[in-house]
Protein chains: 2
Amino acid sequence: MNQAMEKDKIDKKDHILDVAEKVFAELGYEGASTRLISGEANVNMAMLNYYFGSKEGVFLAIFERRIASFQSVLLSIGNDDSINAWEKLDKYIDSYVDRVVNNNCFHVMLNREISKSKKTDLTDQITKIIMRNVTVFQNIIANGIKSGEFSKDVDQQLLVATIFGTKNYIVNTPHISSLIIGYDVMDKDNQDEKLKPRLKTYLKKLLKAYLVNENDNNK
Amino acid sequence: MNQAMEKDKIDKKDHILDVAEKVFAELGYEGASTRLISGEANVNMAMLNYYFGSKEGVFLAIFERRIASFQSVLLSIGNDDSINAWEKLDKYIDSYVDRVVNNNCFHVMLNREISKSKKTDLTDQITKIIMRNVTVFQNIIANGIKSGEFSKDVDQQLLVATIFGTKNYIVNTPHISSLIIGYDVMDKDNQDEKLKPRLKTYLKKLLKAYLVNENDNNK
DNA sequence: ATAAATTAATCAATCGTTTGATTAATTTTG
DNA sequence: CAAAATTAATCAAACGATTGATTAATTTAT
């Protein structure tokens, strides 16, 4: 197989993943049949198993593709020792908000699957992937506390829930959040011009207010 | 059929809905088979169709049942003029955390449903009910700002996303949040003894830090 | 006795996956 | 270089299992 063939094959696999991601997001994992996915992608049903081993393999391949692209960015922020904890936090929020809002359909699909309380191979795999991002954020906070930049009197763990939860609430409940915020949060222009900068500013200010190392103002 | 029978029948239907709610939360709508639900509830499979007509009928019955009790609870707090904005906020958080954690299975179901981009009668209904709770919270914040108790320089609308989003993140992603927090957040004892008080304390402190009307400490 | 409740058995449909065959491309061999 | 052997890609068909739903028979309650 020459290089041109290799490229075609990758393009075809990528095309299947594009279609599958959309179908999964619309119908959920169990709701999306392999027949529908292969039909939408105009490929033979057996190709899904041939390329990805199984339906679950297709699902996980979607994750690997999306996660891999941004994983290194977040890690580099966490490992950059040339900037202080506050700057790391800002950078993390900027990158994270951009990525999540840009790939909001994917994140809806992700959260729908991980919201299943029953443990499966699939939820285990997703958990592992998500936890990598969580750990980066946790380390930024922990190091900031250790260095004295952040207050010691914070709940690091629930703070994770706030950052990821605030973001999730906006993208996962578009009908609600659009009503609250006052414009359609699914609209691309609104996202770029209004939502993203506003969400960044807000999260930074919220974190700053909570993390600031003030001299214990009682009550 | 006398009254005793009628009660038995209602109890049985209620029991089925209890079990179904849990299974739907665990596996999602498509992931939960009627055989599993009826098996867990120790009733014949045909009883689901006999009582509720179809699988979807079971699903809708769960919502109708919970939604009925969903209504009036929080409204009283918002309308209580005998306490100040800070106290209202505390009360709201207390009752809200209790209610959501106690009914975590239903809330997982609810959020999974509302995360669908396609509008349906069900999502419209859920949206309306959720917005009623949101409005109570927003009014507390708005009145606190107007009275000067809270800072004017806050993003009221995104603050809503933080409160509801933080809570959602804990209950909707149990695998993740259990890993982050360090114990099983689905365990009833953990919920009552650890999670609920901790979440209340955290949310209050977070809100206080963000809302406090300080004299603009630059940077 | 009659209506309601419950059951086991069964239904067609659909699920994800596997199979064996075929085509196309690449490598190996003579 | 050309024939043979090997590999990769693709396909239609079928697999066994499971799905939600229904039937008809039986039990229970009034």
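Since we're looking at a predicted model, the values are computed, not measured. Just so it is clear: chains get the letters A, B, ... in the order the sequence lines come, proteins before strands, and each one is counted from 1.
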*Note the angle between the end axes of the helix from C:dA1-D:dT30 to C:dG30-D:dC1, five pairs defining each, rounded to 10 degrees.*
20°
_Side-chain donor/acceptor of A:D187 to backbone N/O of A:D184, under 3.5 Å_ = no
_B:F52 CZ to C:dA5 P, straight-line distance once rounded to whole Å_ = 12 Å
*Charged N to carboxylate O below 4.0 Å: is that the case for B:D94 and B:R99?*
no
*Without swapping roles, check the side chain of B:Q191 against the backbone of B:V185 for a donor-acceptor pair under 3.5 Å.*
yes
_A:S54 vs C:dG16: side-chain N/O to OP1/OP2 distance below 4.0 Å_ = no
_Less than 3.5 Å apart, any donor N or O on the side chain of B:K196 or B:N102 sitting next to an acceptor on the other?_
yes
*Round to the nearest Å and state the distance from A:K55 atom NZ to C:dT17 atom P.*
8 Å
*Under 3.5 Å, is there a donor-acceptor pair linking the side chains of B:K167 and B:Y96?*
yes
*Is the closest basic N to carboxylate O distance between B:K194 and B:D189 below 4.0 Å?*
no
*Round to the nearest Å and state the distance from A:I37 atom CD1 to C:dC15 atom P.*
11 Å
*Under 4.0 Å between any heavy atoms, over every strand shown, what does B:S33 touch: base, sugar-phosphate, or nothing? Just pick one.*
sugar-phosphate
*If you draw a 6.0 Å radius around NZ in B:K22, do more than 12 non-hydrogen atoms from other residues or ligands fall strictly inside?*
no
_Salt-bridge present (A:K116, A:E30; N to O < 4.0 Å)_ = yes
*Mind checking whether B:F63 and B:F106 have ring centres under 6.0 Å apart?*
yes
*Qualifying residue for side-chain contact (heavy atoms from CB on, under 4.5 Å) with A:I176, from B:V160, B:N111, B:I114*: B:I114
*Which whole-number value in Å describes the distance from A:N49 CG to C:dC15 P?*
14 Å
*Heavy-atom protein contacts under 4.0 Å, nucleotides 6-13 of chain C, coded B base, S sugar-phosphate only, - none*: BBB-B---
*Please report, rounded to the nearest Å, how far the P atom of D:dA21 is from the CG atom of B:L48.*
9 Å
*Among residues 117-127 of chain A, which residues get a heavy atom nearer than 4.0 Å to DNA chain C?*
none
*Side chains of B:T162 and A:Y202: does their closest heavy-atom pair fall under 4.5 Å?*
yes
